Amino acid sequence: QVQLVESGGGLVQAGGSLRLSCAASGRTFSTVIMGWFRQAPGKEREFVATFAWSGGTTLYADSAKGRFIISRDNAKNTVYLQMNSLKPEDTAVYYCARRKGGPYYRSMSEYDSWGQGTQVTVSS
């Protein structure tokens, strides 16, 4: 089981940027595929970004395309989510999680070892 700790959330004005980090424990991070989800108040948790199983291709929700960038630093056991041009509707708790398998990368059921989440609030 991998332990995940998110950080980097905060309050930002619309149009601003934030970079979220997800630090993972364990010595096999380079073989792990991570993803980001978010959950806004009163809404279901939704997919934001992840990597393809090949590791090279990045996959995004339509709401994140062109604005968010997922990346990883294997030496630091860390996955990042760079969020640009933030909008009030991006306000949510953001979670990272480990993909455990399967092709349905947008589904929470394909992820385990969730972090505790980090709050992102975008003011208008």
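Bear in mind the structure is a predicted one, so any value in this text is a computation, not a measurement. For reference, positions follow the sequence shown, starting with 1.
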Derivation and outcome, side-chain contact (heavy atoms from CB on, under 4.5 Å), residues Asp90 and Met83
CA-CA 9 Å; Asp90 294 317; Met83 304 187 297; over 6 Å; no
Determine, stepwise, if the pair Thr91 / Gln119 fulfils side-chain contact (heavy atoms from CB on, under 4.5 Å).
CA-CA 8 Å; Thr91 295; Gln119 176 71 48; 4.0 Å; yes
Taking it one step at a time, do Thr50 and Trp36 satisfy side-chain contact (heavy atoms from CB on, under 4.5 Å)?
CA-CA 6 Å; Thr50 189; Trp36 286 95; over 6 Å; no
Kindly indicate, with the supporting measurements, whether the criterion side-chain contact (heavy atoms from CB on, under 4.5 Å) is fulfilled by Glu6 and Leu20.
CA-CA 7 Å; Glu6 301 98 333; Leu20 307 183; over 6 Å; no
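At least one donor-acceptor pair closer than 3.5 Å links the side chain of Lys100 to the backbone N or O of Ser109. For Ser113 (side chain) and Gln3 (main-chain N/O), no donor-acceptor pair under 3.5 Å exists by modelled atom type.
Within the 4.5 Å cutoff, no side-chain heavy atoms of Thr121 are placed close to those of Val12. For the pair Val32/Val2, no side-chain contact is recorded, criterion being any heavy-atom separation below 4.5 Å from C-beta on. Between Val5 and Gln116 the shortest side-chain heavy-atom distance falls below 4.5 Å. Under the 4.5 Å side-chain criterion, counting only non-hydrogen atoms from C-beta, Arg67 is in contact with Lys87.
Leu81 is connected to Leu4 through a chain of hydrophobic side-chain contacts under 4.5 Å among Ile, Leu, Val, Met, Phe, Trp and Tyr, so both are in one cluster. Note on Ile70: it clusters hydrophobically with Trp53, by side-chain heavy-atom contacts below 4.5 Å among ILVMFWY residues.
For the atom pair Cys22 SG and Arg98 CZ, the distance stands at 11.5 Å (nearest 0.5 Å). To the nearest 0.5 Å, the span separating CG on Asn77 from CE on Met34 amounts to 9.5 Å. The distance from the CD1 atom of Ile33 to the CD atom of Glu110 is 12.0 Å, given to the nearest 0.5 Å.
Between Ala14 and Ser124 the shortest heavy-atom distance is CB-CA, 4.3 Å. Taking each heavy atom of Ser17 and Gln82 in turn, the nearest pair found is CB-NE2, 3.9 Å. Taking each heavy atom of Ser21 and Thr78 in turn, the nearest pair found is CB-CG2, 4.1 Å.
The ring-ring contact (aromatic ring centres under 6.0 Å, His included) contacts involving residues 100-124 comprise Phe37-Tyr111, Phe37-Trp114, Phe47-Tyr105, where partners must be two or more places apart or lie in separate chains.
Considering Tyr95, Phe68, Tyr60 in turn, Phe68 is the only one that fulfils the side-chain contact (heavy atoms from CB on, under 4.5 Å) rule with Val48.
At most 12 non-hydrogen atoms from other residues, nucleotides or ligands lie less than 6.0 angstrom from NZ of Lys76. Other residues, nucleotides and ligands contribute at most 12 non-hydrogen atoms within 6.0 Å of the CD atom of Glu44.
A cation-pi contact, defined as under 6.0 Å to the ring centre and within 45° of the axis, links Arg72 to Phe51.
One side chain, Arg38 or Tyr94, offers a donor N or O that lies under 3.5 Å from an acceptor on the other.
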